[in-house]
Amino acid sequence: MQNLSIEQNRTALIVVDVQNGFITGNLAVLGADKIIPLINQLARQFHHVILTQDYHPANHISFFDNHVDKQPFESIRLPYGEQILWPRHCVQGTADADFHQDLDITHAELIIRKGYQQAVDSYSAFVEADGTYTGLAGYLQQRGIDTLYLVGIATDYCVAWTAMDAVKLGFDCTVVQEATAAIDKDGSLQVAMRQMQHLGVKII
Ligand code: VGL
Ligand code: ZN
């Protein structure tokens, strides 16, 4: 990847969910280990780097085994809308929730955790599934950051939802696709790519 010409003061790299759970754990995403060197290299080009961390309590509503007679990847209706039921992943205080040991971004300035409320999931780093703000937009705005680059896992869930909320909240947002990895179940990647493009997320 070539050098990006970025205005460092107003730009941040958001590194989404580069955690064991999505790389070697129950929800391992194909090829996710391969993107880590690229993410490390890219991060060195940014003064501002933010990490996100999927961080669920053991009894989280998004885990299929916390429901009776449900299978992984089935959907259920919840008060806030449709919820996919996932294999147990990124449980608070377990190695599955830790950042991968090869992730090497010592200058990251903020870690934003999401999905930590038992009854609410959050793919987006900006807005939880029930519409509650995480505070990330406020943090960025108050620090004069209006331009975002996104990398990480999973392209079709947490990266896409974060990117789409970023645009809706007025940020200029670019996904660096070669530094993402997708779950891509039942065409989910193509759907997410179309939705991102439709909303004005740039993809490079
Ligand atoms: C994610 C499914 C469930 C993600 C998180 O990081 O994309 N996907 N929780
Ligand atoms: Zn999750």
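Counting starts at 1 for both ligands and their atoms, following the listed order.
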(request) Return yes when at least one N/O/S atom of D54 is nearer than 2.8 Å to the Zn ion (ligand 2), and no when none is. (result) yes
(message) Less than 6.0 angstrom separating the ring centers of F46 and Y149, yes or no?
(response) yes
(message) Regarding H89, does it place an N, O or S atom less than 2.8 Å from the Zn ion (ligand 2)?
(response) yes
(message) With respect to the Zn ion (ligand 2), please indicate if C90 possesses an N, O or S atom at a distance under 2.8 Å.
(response) no
(request) Output the list of atoms in ligand 1 that are nearer than 4.0 Å to some heavy atom of A154, sorted by atom number. (result) 4 (C), 6 (O), 7 (O)
(message) Please list the nearest protein heavy atom to atom 5 (C) of ligand 1 with its residue and the distance rounded to 0.1 Å.
(response) D54 OD2, 3.2 Å
(message) Given the ring of Y55, does K114 sit roughly above its face, with NZ or CZ under 6.0 Å from the centre of the six-membered ring and within 45° of the axis?
(response) no
(request) Indicate, with yes or no, if the rings of F73 and W86 have centres closer together than 6.0 Å. (result) yes
(request) Check whether any N or O atom of Y157, backbone or side chain, sits under 3.5 Å from an N or O atom of ligand 1, and answer yes or no. (result) no
(request) Please confirm whether Q19 comes under 4.0 Å of ligand 1, counting heavy atoms of the residue only. (result) no
(request) For the pair T162 (side chain) and C158 (backbone), establish whether a donor and an acceptor sit closer than 3.5 Å, ignoring hydrogens and angles. (result) yes
(message) Could you tell me, atom by atom, which parts of ligand 1 come under 4.0 Å of a heavy atom of D17?
(response) 4 (C), 6 (O)
(request) Give, for atom CG of D17 and atom CD1 of I14, the distance between the pair rounded to the nearest 0.5 Å. (result) 11.5 Å
(request) Please work out whether any backbone atom (N, CA, C, O) or any side-chain heavy atom from C-beta onward of V159 is under 4.0 Å from ligand 1, and answer side chain, backbone, both or neither. (result) neither
(request) Give a yes or no on whether the backbone of N40 and the side-chain of D102 come within a donor-acceptor separation of less than 3.5 Å. (result) no
(message) Is the ring pair H56/H60 parallel, tilted or perpendicular, if the boundaries are 30 and 60 degrees?
(response) parallel
(request) Taking only heavy atoms of W86 into account, list the atoms of ligand 1 that are under 4.0 Å away from them. (result) 2 (C), 3 (C)
(request) Measure across A12 and L140 and return the closest heavy-atom pair with its distance rounded to 0.1 Å. (result) CB-CD2, 4.5 Å
(request) Show which atoms of ligand 1 fall inside a sub-4.0 Å distance from at least one heavy-atom site of C158. (result) 1 (C), 4 (C), 5 (C), 6 (O), 7 (O)
